[in-house]
Structures are given as C-alpha cells and as structure tokens.
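Structure first, then comments.
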Amino acid sequence: QVQLVESGGGLVQAGGSLRLSCTASGFTFSTYYMGWFRQAPGKDRDFVTGISYSGGSTYYEDSVKGRFTISRDNAKNTVYLQMNSLKPEDTAVYYCAARGPTYSTGSGYTQPHDYNVWGQGTQVTVSS
C-alpha cells in the first residue's frame, strides 16, 4: 500500500543536529514532489521545506533557511531532512508528505492540502 515512514527523530540539545529520513513505498517515488511539515502542540501543521521530483529544486520556510537541508535519493525511495543549529522552537512532530505524480518544481506547495500522501510523524525535541 501507499506509505511514508519517517525515522530519525529524538531529543537533542540546542545547537545540535538531527537527520530525519522518510522512506516511501507503494508509489513511484521519483515522480512525486516531497515535503516536510512540522506541528507543535496546539499549533497548525506548518510547511518546512520541499524538493522537486529530481531534487533539482528546493524551497525552504524562512526560519529554517541556512540551517536545514532537504535532499532525496530516488534509488532508495527516501527523502532526508538534515537539521543543524537546532533551536527549542524547532520542537515539533515532523511529517513527511508527497504530492504527485508531478514534474512541477513545486515552489507553491506549502499547504497541507497540496499533498496527498502523509507519514505518521516523528517527534523532534530540542532542549535549551
């Protein structure tokens, strides 16, 4: 079945790093735009970053620019989120999402309703 499975979350001190992974199955990963969202308790699910089907185009929310990097390995059906210089305000459940199939660069895909496949989420907690 169509599935996204995230891993790599955990507890880290402020200034530390984590790498999240999201592995897809049940669909042609290489034809999907991929995104990462996050949701803190009591808040909306917010866009973090996205990457086009080939990896050639990426898009970041302003607060993570320069700290987070999205990448993908289509041979492994996996998208990654490298998070550096983490801050307590980065604490949230992080969700992987897929939109497709599409060959769009996707700069406008920043809302949850833009995506049609979701993972279960992984908790990231940054202590001060």
Side-chain angles (χ1 to χ4, degrees):
Q1 71 275 28
V2 174
Q3 194 172 14
L4 294 171
V5 178
E6 300 101 332
S7 61
L11 173 64
V12 64
Q13 288 188 330
S17 298
L18 282 175
R19 188 175 85 151
L20 306 183
S21 299
C22 171
T23 300
S25 60
F27 62 97
T28 307
F29 178 76
S30 61
T31 66
Y32 277 63
Y33 187 91
M34 299 299 297
W36 286 96
F37 285 74
R38 63 186 178 186
Q39 188 167 20
K43 296 192 175 182
D44 293 336
R45 190 171 296 189
D46 293 329
F47 175 80
V48 176
T49 180
I51 188 167
S52 62
Y53 70 101
S54 66
S57 295
T58 57
Y59 188 66
Y60 295 91
E61 188 270 325
D62 285 347
S63 71
V64 307
K65 285 181 180 177
R67 300 189 299 123
F68 290 11
T69 302
I70 189 172
S71 61
R72 67 190 295 162
D73 185 339
N74 285 345
K76 295 183 178 180
N77 287 355
T78 301
V79 61
Y80 304 97
L81 180 61
Q82 178 67 45
M83 303 185 294
N84 299 329
S85 302
L86 281 161
K87 305 175 181 180
E89 51 264 44
D90 294 318
T91 295
V93 177
Y94 282 70
Y95 295 91
C96 172
R99 173 191 170 97
T102 180
Y103 295 107
S104 170
T105 58
S107 62
Y109 300 151
T110 62
Q111 300 300 313
H113 62 71
D114 292 325
Y115 295 79
N116 49 340
V117 185
W118 287 88
Q120 83 288 350
T122 186
Q123 177 70 46
V124 172
T125 303
V126 184
S127 64
S128 56

From CZ (R72) to OH (Y53), nearest 0.5 Å: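 Going from CZ on R72 over to OH on Y53, the span is 10.0 Å.
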
Would you say [X] and [Y] make side-chain contact, with heavy atoms under 4.5 Å?
X: Q82; Y: R67; result: no
X: W118; Y: F37; result: yes
X: T58; Y: S52; result: no
X: T31; Y: T102; result: no

If we ignore hydrogens and angles and just use 3.5 Å, is the side chain of [X] paired with the main-chain N or O of [Y] as donor and acceptor?
X: D114; Y: T110; value: yes
X: N116; Y: G100; value: yes
X: Y115; Y: Y109; value: yes
X: T122; Y: E6; value: no
X: E61; Y: K65; value: no
X: R99; Y: H113; value: no

Is there a path of hydrophobic side-chain contacts, each under 4.5 Å between heavy atoms, that joins [X] and [Y]?
X: Y32; Y: Y103; answer: no
X: W36; Y: M34; answer: yes
X: V48; Y: V79; answer: yes

Sorted by chain and number, sequence neighbours left out, side chain to side chain contact (heavy atoms under 4.5 Å, CB included) with D46 holds for D44

So R38 and V64, side-chain contact (heavy atoms from CB on, under 4.5 Å) or not? Walk me through it. CA-CA 12 Å; R38 63 186 178 186; V64 307; 4.0 Å; yes

Not counting sequence neighbours, which residues clear side chain to side chain donor-acceptor pair (under 3.5 Å) with [X]? List them please.
X: Q3; value: none
X: Q111; value: none
X: S71; value: none

Could you please spell out the steps behind the side-chain contact (heavy atoms from CB on, under 4.5 Å) verdict for Y33 and I51? CA-CA 6 Å; Y33 187 91; I51 188 167; 5.7 Å; no

If we count only N and O atoms by modelled type, under 3.5 Å, do the side chains of T91 and E89 hold a donor and an acceptor together?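 Absent: no donor and acceptor within the cut-off.
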
Among residues two or more places apart or on two chains, list those pairs meeting ring pair (Phe, Tyr, Trp, His ring centres under 6.0 Å) that have a residue in residues 59-96. F47-Y59

Indicate yes or no: does K87 engage D90 in a salt bridge with an N to O separation below 4.0 Å. no

Which pairs of donor and acceptor atoms, one on a side chain in residues 9-28, lie under 3.5 Å apart (sequence neighbours left out)?
| from | atom 1 | to | atom 2 | distance (Å) |
| --- | --- | --- | --- | --- |
| S17 | OG | N84 | OD1 | 2.9 |
| T23 | OG1 | T78 | OG1 | 3.2 |

